[in-house]
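One structure is given here, and the rest of the page talks about it.
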Amino acid sequence: TTVYLADYTPFGWRIEDVHLTFRLAPHATRVLARIHFAPCQLAPQQEFFLHGEELRLIGAKIDGQEVTPEVTDKGLTCAVPAGRFLWEAEVEIDPANNTALEGLYMSGGMYCTQCEAEGFRKITFYPDRPDVMATFTVRIESAMPVLLSNGNPGASGDGFAEWHDPWPKPAYLFALVAGDLRNHPDSFTTKSGHKVDLNIWVRPGDEGKCAFGMQALKASMTWDEDVYGREYDLDVFNIVAVDDFNMGAMENKGLNIFNSSCVLASPETSTDDNFERIEAIIAHEYFHNWTGNRITCRDWFQLCLKEGLTVYRDSQFTSDMRGPEVKRISDVIDLRARQFPEDQGPLSHPVRPESFQEINNFYTATVYEKGAEVIGMLKRLVGDDDYARALDLYFDRHDGDAATIEDWLKVFEDVTGRDLSQFKRWYSQSGTPRLSVSEAWDNGTFTLTFEQHTPPTPGQADKLPQVLPIAVGLLNPNGDEVVPTRVLEMTEAKQSFDFTGLSARPVASILREFSAPVVLERDADPQQRAFLLAHDTDAFNRWEAGHILARDCLLAMIRDGATPDTAWLDGLETVLRDSTLDPDFRQMLVALPSQSELAQALHEQGSTPDPDAIYDAVMTLRLFMAERWADLLPKLAEEARVTAPYQPDAEQTGKRALGNMVLGLLTHTDGGAAAQAQFDSADNMTLQLAALANLIRADKAKAALAAFYDQWKDDRLVMDKWFGLQVGAADPGKAVEVAKALTAHEKFDWTNPNRFRAVFGGLIGNHAGFHRKDGAGYALLADWLIKLDDKNPQTTARMCSAFQTWTRYDSGRQTHAKAALERIMAKPNLSRDVNEMVSRILAI
Ligand code: ARG
Ligand code: ZN
C-alpha cells in the first residue's frame with residue numbers, strides 16, 4: 001500500500017498524557033499503557049484506530065471496563081466513548097527475537113529501542129504518527145542495574161526506575177534502555193544558569209572511549225547557544241552506545257541512542273575520519289533537540305524539515321570547528337558521490353517526497369543532504385541577517401508544533417517579504433538541474449548567460465526552472481580578483497548577467513562554494529582551469545578546477561588511451577609545493593575522482609563505462625604521479641609528520657591525511673616498503689589503517705593482516721575495519737572471493753549491521769570488484785540480501801541501492817544485475833522495504 005502526502009488527515013483525538021510500565025524480560029516483556037484521549041474537535045469523524053504490530057494483546061480497558069478491540073496485523077479498532085476517556089492496554093512483546101532492530105530489542109545483553117520512524121507501534125498500541133504529541137511518564141521494572149528513559153529521572157529503587165518527560169513529544173522520540181552499563185559523566189551549565197548532568201553510557205570495557213564524544217557534546221551545546229540561541233531544556237542528557245543499530249544514531253528526547261561506531265573513539269582504535277564523523281553526529285543528534293524535537297514534523301513527508309535543517313546546522317558546526325573550506329569540499333564530494341546518483345537514477349525523489357510504501361526507505365541522501373543544500377541556498381538568497389531573523393521566528397512561532405515545509409517557508413516570507421513559491425520547487429521537483437554557461441566580452445562589459453534544464457525523473461516528466469543562487473567572482477588576467485563574490489539570482493530557464501566597467505576580459509569563477517546543487521556544464525579550456533587552480537580566491541572553486549582537470553585527464557586516458565596531462569600535473573605540483581596552503585586542502589587536490597564518479601561522467605558523455613578500464617586508468621595515473629613526483633613526495637611526507645601527541649584536531653588530521661596520500665603514491669613505486677615501516681611504527685589507527693590498506697594494495701599484507709587481527713580481535717569496531725578494508729582495498733579481481741571467504745570467518749556475524757555493512761559495503765565500494773564482468777559481485781550481494789531480508793529488512797533495503805546505477809553499464813553486466821535483482825524480487829515473503837526498493841530500481 002502506498003501512502004500519499006495529499007491524503008493527510010489529522011488524528012481524531014488529542015492525548016493528554018501517557019503512562020507506560022515496562023516489565024522487562026528477554027522473551028516476554030509486558031508493556032502496560034494508560035493513555036488519556038480526548039476528542040479533537042477540528043479533526044474529521046473517524047474510527048478509533050491505534051497502530052500495533054507484532055504485539056500480543058493481553059487485555060484492554062476503557063474507563064476501567066474491559067473491551068475487546070478488533071485486532072489486525074496493523075493495529076486495532078475499538079468503539080470508544082464520545083468524550084474524554086482512559087485507554088489501558090497490556091501487551092507482551094519479545095525483544096530478544098527482534099532482529100529487525102526496530103521497537104524494543106536486545107543488543108549485547110542490553111535492552112534498547114529505535115522508534116523512528118514507525119517502531120513505537122511494536123511496543124504498544126498507539127497513534128504512531130508524529131503529529132500526535134504527548135507527555136510521557138515511564139516506569140521500568142527490571143533487575144538490570146541501569147534503567148533509562150526520556151526526560152528527567154523520578155523515583156527509583158531496587159528493580160525499578162521512573163522517568164518523566166515534561167515536553168510533549170511524538171512516539172518516534174520515545175526511548176528506553178536497560179543494561180549493565182558504565183557511564184562517563186560530566187555536566188554543562190546553560191547560558192541561563194541551568195545545570196545539566198551529562199552521561200555517555202557504554203558496555204563495561206568501553207569507558208575509555210567516551211571522552212571525545214563528551215567534549216563534542218559540550219561543544220555542540222555551547223555552539224547552539226551562541227549561534228542559534230538555543231538552550232537545552234532538561235536536567236539530564238544521556239547518550240547510550242549500542243552495537244546493533246540500523247542507522248548512525250537517534251535523537252530521542254534526552255536519551256540519544258547511538259550506533260557504537262558513531263560515538264566510541266580513541267586514538268588507538270579510531271581514525272581521524274572517525275573522530276570527525278563522531279563529532280558531527282553527536283552535534284547532529286543534539287541539534288535535533290530544537291530542530292526535530294521541540295519542533296517536529298506533521299507527517300513523514302516533512303522529514304526534510306528536521307533532517308535537512310539539522311544536517312545544515314551540523315555542517316555549520318563542523319565548519320566552525322574545523323574550517324569552512326575543507327568541510328565544504330568534502331560535503332560536495334559526498335553529495336556528488338551519494339546524492340547525485342540517487343537523483344539521476346531510478347530512486348530519484350523530491351526532497352519532500354509525495355508518496356511512499358515504506359518510510360524507512362526515504363532516509364536518503366536527497367532528504368538529508370540535498371535538504372541541507374536547499375537551506376544553504378535559502379540562506380544565501382536572503383542573507384545571514386534575515387536567515388537569523390527567520391530562524392528566531394521559526395522557533396518562536398512553532399515551538400511545540402508538528403510543522404510542515406509550508407510553515408518553514410512562511411517564516412522566511414514573513415521576515416523578508418519575498419515570495420518563495422518558485423523556490424519551493426526545490427522541495428517538490430526531483431532531479432539534478434544542469435546549468436550551462438556561456439561568456440561574452442564587449443568593450444568593458446562581461447556577460448554570463450546561463451541556461452538551466454532538469455532532465456526527467458521517475459514520475460516527473462516535465463521540469464520547471466528553479467531559483468538558483470549562483471555565486472560568481474571575476475579574476476583579471478594577472479590573477480587578481482576584480483569583482484569579489486556576487487550572488488546572481490537566476491529564476492528563468494535562460495538568463496544573462498552583465499558585469500560592466502572592466503578594463504580587461506576577466507576569468508570567471510562560477511558557482512563559488514558550490515552555491516547550488518547542480519551540474520555545471522562549462523566548456524572552459526584547460527588553461528582557464530589551470531589558471532583558476534593557481535589563482536582562484538575561492539577555495540572550493542580552486543579545488544574544483546583541479547578536480548575537473550584530473551577527471552578530464554582520466555576520461556581521456558580511459559576513452560582514447562591518452563597519456564596523462566602533464567600541464568595539469570605541473571600546475572598541481574606548484575600548488576602542492578606551496579606550504580602556506582592547508583595540508584588537508586592540498587591532499588584533497590591530489591585525491592583523484594572516485595571510480596564511480598568516472599563511470600557516471602562517461603555515462604553522461606554517452607559512452608558505456610568499463611569498470612576495469614576505469615580502474616586501470618586510475619592505477620596508471622597514480623603510478624605516473626608517483627614517478628613524476630619522486631623527489632617531491634618525501635618532502636611532503638616530511639611536512640606531514642606530526643611530532644606532538646595525538647590530537648584529532650583539524651591541524652593534525654590534515655597533516656596525517658597528506659601523509660597518507662603520499663604513502664598511497666609511494667606504494668606504487670616502493671613495493672610497500674614505506675607502508676610496512678608505517679605499519680610497524682604506527683601508534684594510532686589513522687596511520688595503522690592507512691598502512692594496512694597500502695600493504696593490501698601492494699599484495700604484501702599477509703603478515704600485517706594477521707598481526708592486526710591479533711592485536712584487535714576483541715575490539716568489535718576495529719574488527720569491522722579489518723573486515724571492510726580487506727574487501728574494499730582488494731584487487732578488483734579478488735574482491736568477491738575475499739568477501740566470500742570473510743563471510744565464513746568465525747567473527748562474521750551477519751545479523752550485526754555494522755559487520756554486514758563492513759563486508760558488503762566494502763564490496764560495493766570496490767567499484768571494479770563489485771561490477772565484475774561475470775556478475776559474481778551482484779550475485780554474491782543478492783545471495784546475502786536475500787538471506788538478511790527475513791532478519792532485518794531495513795538494513796537489507798538500504799543496501800539494495802548498490803544496484804541503482806545498474807543501467808549505466810554494458811548489456812552483459814546489465815543482464816547479470818537484472819538477474820540478481822529479479823532473484824531478490826522472487827524471494828518468498830519479501831519485506832515491504834526491499835520490495836519497494838527493488839521495484840523502483842527495476843522501474844516496475
Ligand atoms: N533521525 C535519525 C537521525 O537523523 C535517523 C533515524 C532513522 N532511523 C530509521 N530507522 N529510519 O539522526
Ligand atoms: Zn537527523
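Numbering of ligands and ligand atoms starts at 1, following listing order. As the structure is a computational prediction, the values presented were derived from the model and not from experiment.
For the residue pair Asn259/Ser261, the side-chain donor-acceptor check at 3.5 Å is satisfied. No side-chain donor from either of Asp243 and Ser107 sits under 3.5 Å from a side-chain acceptor of the other.
Between Phe174 and Phe22, a ring centre-to-centre spacing shorter than 6.0 Å is recorded. Checked against the 6.0 Å centroid threshold, Phe301 and Tyr8 do not count as a close aromatic pair. Note: Trp290 and Tyr228 fail the aromatic proximity criterion, with ring centroids not under 6.0 Å apart.
The heavy atom nearest to atom 3 (C) of ligand 1, considering only Tyr368, Trp300, Tyr363, is found in Tyr368.
Only the side chain of Met247 comes within 4.0 Å of ligand 1, counting heavy atoms alone; its backbone N, CA, C and O stay farther away.
Taking every heavy atom of Gln114 and a limit of under 4.0 angstrom, the matching atoms of ligand 1 come to 8 (N). Proximity to Lys306 (heavy-atom distance under 4.0 Å) selects the following atoms of ligand 1: 1 (N). Near Gln794, meaning under 4.0 Å from any of its heavy atoms, are these atoms of ligand 1: 9 (C), 10 (N). Taking a cut-off of under 4.0 Å to the non-hydrogen atoms of Glu307, the atoms of ligand 1 that pass are 1 (N), 2 (C), 3 (C), 4 (O). Remark: ligand 1 atoms within the under-4.0 Å shell around heavy atoms of Glu251 are 1 (N), 2 (C), 3 (C), 12 (O).
Of the candidates Tyr4, Phe362, Tyr172, Tyr172 is the only one forming a ring pair (Phe, Tyr, Trp, His ring centres under 6.0 Å) with Trp300.
The Zn ion (ligand 2) forms the vertex of an angle spanning NE2 of His284 and NE2 of His288; to the nearest 10 degrees it equals 100°.
Put simply, the side chain of Gln804 never gets that close to the backbone of Gly345: no donor and acceptor are under 3.5 Å apart.
The distance criterion of under 3.5 Å between nitrogen or oxygen atoms is met by Glu285 with respect to ligand 1. Residue Ala249 places at least one N or O, backbone or side chain, under 3.5 Å from an N or O of ligand 1.
No heavy atom of Glu102 sits closer than 4.0 Å to any atom of ligand 1. Proximity of Asn360 to ligand 1 is established by a heavy-atom distance of less than 4.0 Å.
At least one cation-pi condition fails for Arg338 and Tyr368: the charged atom is not both under 6.0 angstrom from the six-membered ring centre and inside a 45 degree cone around its axis. Note that Lys379 lies in the cation-pi zone of Tyr387, set by a 6.0 Å cut-off to the ring centre and a 45° limit from the axis.
For atom 6 (C) of ligand 1, the nearest protein heavy atom (residue, atom name, distance) is Glu116 OE1, 3.6 Å.
When distances from the Zn ion (ligand 2) to the N, O or S atoms of Glu307 are compared, OE1 comes out shortest.
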